[in-house]
Amino acid sequence: MDDAEKKALMDQMVADRGWILPEQKFYIEKDPEYHARQSAVYNHVIKREGALSEKMRELIIITALCVRLPGTEVETYVKNHIRRALDLGATEDEIFEAVQCLIFPAGGPSLMMGIKCLRAVLEERKA
């Protein structure tokens, strides 16, 4: 695959998701076929028509990411999905309440990760 085709894959990822991480650019450069397959799964799970809206799927992803990994790396992922959820019409209160649900199954640190990321995205959007 030539550079123009790889760039097209990167541009499509931004169009589909609203972002592209440096790690994603790297794996597109190294193995565009991997990206094409992974992206097809992502689009099938997240963007297809189904019982859940894409907005609801983003809320689920936000909460799962808050539980999954500590640290600044996961903050990037949580913030990206919060931005996407807002772009899809989720309200601040919907995201807040989804994150509040973490207290029972996942505890305070996961809850605080969600709150921290929500606050950061809301502050960024005010600026």
Side-chain angles (χ1 to χ4, degrees):
M1 184 172 287
D2 67 22
D3 288 343
E5 292 170 311
K6 290 176 185 176
K7 170 116 174 53
L9 287 175
M10 291 179 201
D11 292 344
Q12 186 61 52
M13 186 174 212
V14 172
D16 287 344
R17 302 182 191 190
W19 69 85
I20 186 168
L21 300 169
E23 298 82 3
Q24 293 164 325
K25 288 181 181 181
F26 181 82
Y27 72 62
I28 289 171
E29 287 290 335
K30 298 294 277 179
D31 190 351
E33 179 67 22
Y34 169 81
H35 167 72
R37 291 172 186 264
Q38 187 271 347
S39 194
V41 171
Y42 175 90
N43 287 334
H44 174 74
V45 171
I46 305 304
K47 301 187 84 51
R48 70 183 165 148
E49 293 292 323
L52 297 176
S53 67
E54 187 177 350
K55 176 183 87 170
M56 182 61 67
R57 289 182 180 116
E58 287 292 347
L59 294 174
I60 291 167
I61 292 169
I62 290 164
T63 58
L65 286 170
C66 288
V67 173
R68 188 153 189 253
L69 298 170
T72 56
E73 187 171 273
V74 78
E75 287 179 30
T76 298
Y77 306 153
V78 174
K79 289 175 188 176
N80 283 342
H81 286 281
I82 287 172
R83 289 182 195 105
R84 184 78 178 135
L86 290 167
D87 291 345
L88 290 166
T91 66
E92 175 183 335
D93 288 342
E94 286 174 321
I95 297 168
F96 179 73
E97 288 183 17
V99 168
Q100 277 184 311
C101 293
L102 291 169
I103 193 66
F104 295 110
S110 295
L111 168 69
M112 291 305 136
M113 173 62 78
I115 299 299
K116 178 181 180 179
C117 292
L118 177 59
R119 285 186 62 231
V121 169
L122 294 174
E123 288 175 15
E124 148 194 308
R125 288 192 170 213
K126 284 181 190 175

Legend entry - Shared hydrophobic cluster, Leu86 / Leu88 (ILVMFWY, side-chain heavy atoms < 4.5 Å): no

Legend entry - Side chains of Arg57 and Arg48 in contact at under 4.5 Å (non-hydrogen atoms): yes

Legend entry - Partner residues of Tyr34 under the ring-ring contact (aromatic ring centres under 6.0 Å, His included) criterion, sequence neighbours left out: Tyr27

Inset, instruction - Taking side-chain hydrogen bond (donor to acceptor under 3.5 Å, both in side chains) as the test, write out the residues that go with Glu49, two or more places apart. - result: none

Inset, instruction - Identify the two heavy atoms, one from Ala120 and one from Lys79, that lie closest to each other, and give their separation to 0.1 Å. - result: CB-CE, 3.7 Å

Inset, instruction - Report, as yes or no, whether the 6.0 Å neighbourhood of atom CZ on Arg119 holds more than 12 heavy atoms from other residues, nucleotides or ligands. - result: no

Legend entry - Connected via hydrophobic side-chain network under 4.5 Å: Met56 and Tyr77: yes

Legend entry - Lys6: partners by side-chain hydrogen bond (donor to acceptor under 3.5 Å, both in side chains), with sequence neighbours left out: none

Inset, instruction - Evaluate the side-chain proximity of Ile61 to Ile46: yes if any heavy-atom separation is below 4.5 Å, no if none is. - result: yes

Legend entry - Ile95-Val67 co-clustered via ILVMFWY side chain contacts under 4.5 Å: yes

Inset, instruction - Could you tell me whether Arg37 and Asp31 make a salt bridge, using a distance below 4.0 angstrom between a side-chain N and a carboxylate O? - result: no

In residues 106-118, what donor-acceptor pairs under 3.5 Å come from side-chain atoms, sequence neighbours left out?
| from | atom 1 | to | atom 2 | distance (Å) |
| --- | --- | --- | --- | --- |
| Ser110 | OG | Cys66 | O | 3.3 |
| Lys116 | NZ | Glu75 | OE2 | 2.9 |

Legend entry - 4.5 Å side-chain heavy-atom contact, His81 and Trp19: yes

Legend entry - Side chain to side chain, Glu54 and Arg84, heavy atoms closer than 4.5 Å: yes

Inset, instruction - Following the transitive rule for hydrophobic clusters with a side-chain heavy-atom cut-off under 4.5 Å over Ile, Leu, Val, Met, Phe, Trp and Tyr, establish whether Met13 and Tyr42 coincide in one cluster. - result: no

Legend entry - Same apolar cluster (I L V M F W Y, side chains within < 4.5 Å links), Leu21/Val41: yes

Legend entry - Met10 atom CE, over 12 foreign heavy atoms within 6.0 Å: yes

Inset, instruction - Quick one: which residue pairs count as a salt bridge (charged side-chain N to carboxylate O under 4.0 Å, His left out) with a foot in residues 9-27, not counting sequence neighbours? - result: Lys7-Asp11

Inset, instruction - Find out whether Glu124 and Arg83 are in side-chain contact, i.e. whether some heavy atom of one side chain is under 4.5 Å from a heavy atom of the other. - result: yes

Inset, instruction - Please round to the nearest 0.5 Å and tell me the distance separating atom CD of Glu92 and atom CD1 of Ile82. - result: 10.5 Å

Inset, instruction - For residues 93-107, pull every pair meeting salt bridge (charged side-chain N to carboxylate O under 4.0 Å, His left out), keeping only residues two or more places apart or in separate chains. - result: Lys55-Glu94

Legend entry - Under 3.5 Å donor-acceptor, Glu5 side chain and Asp2 backbone: yes

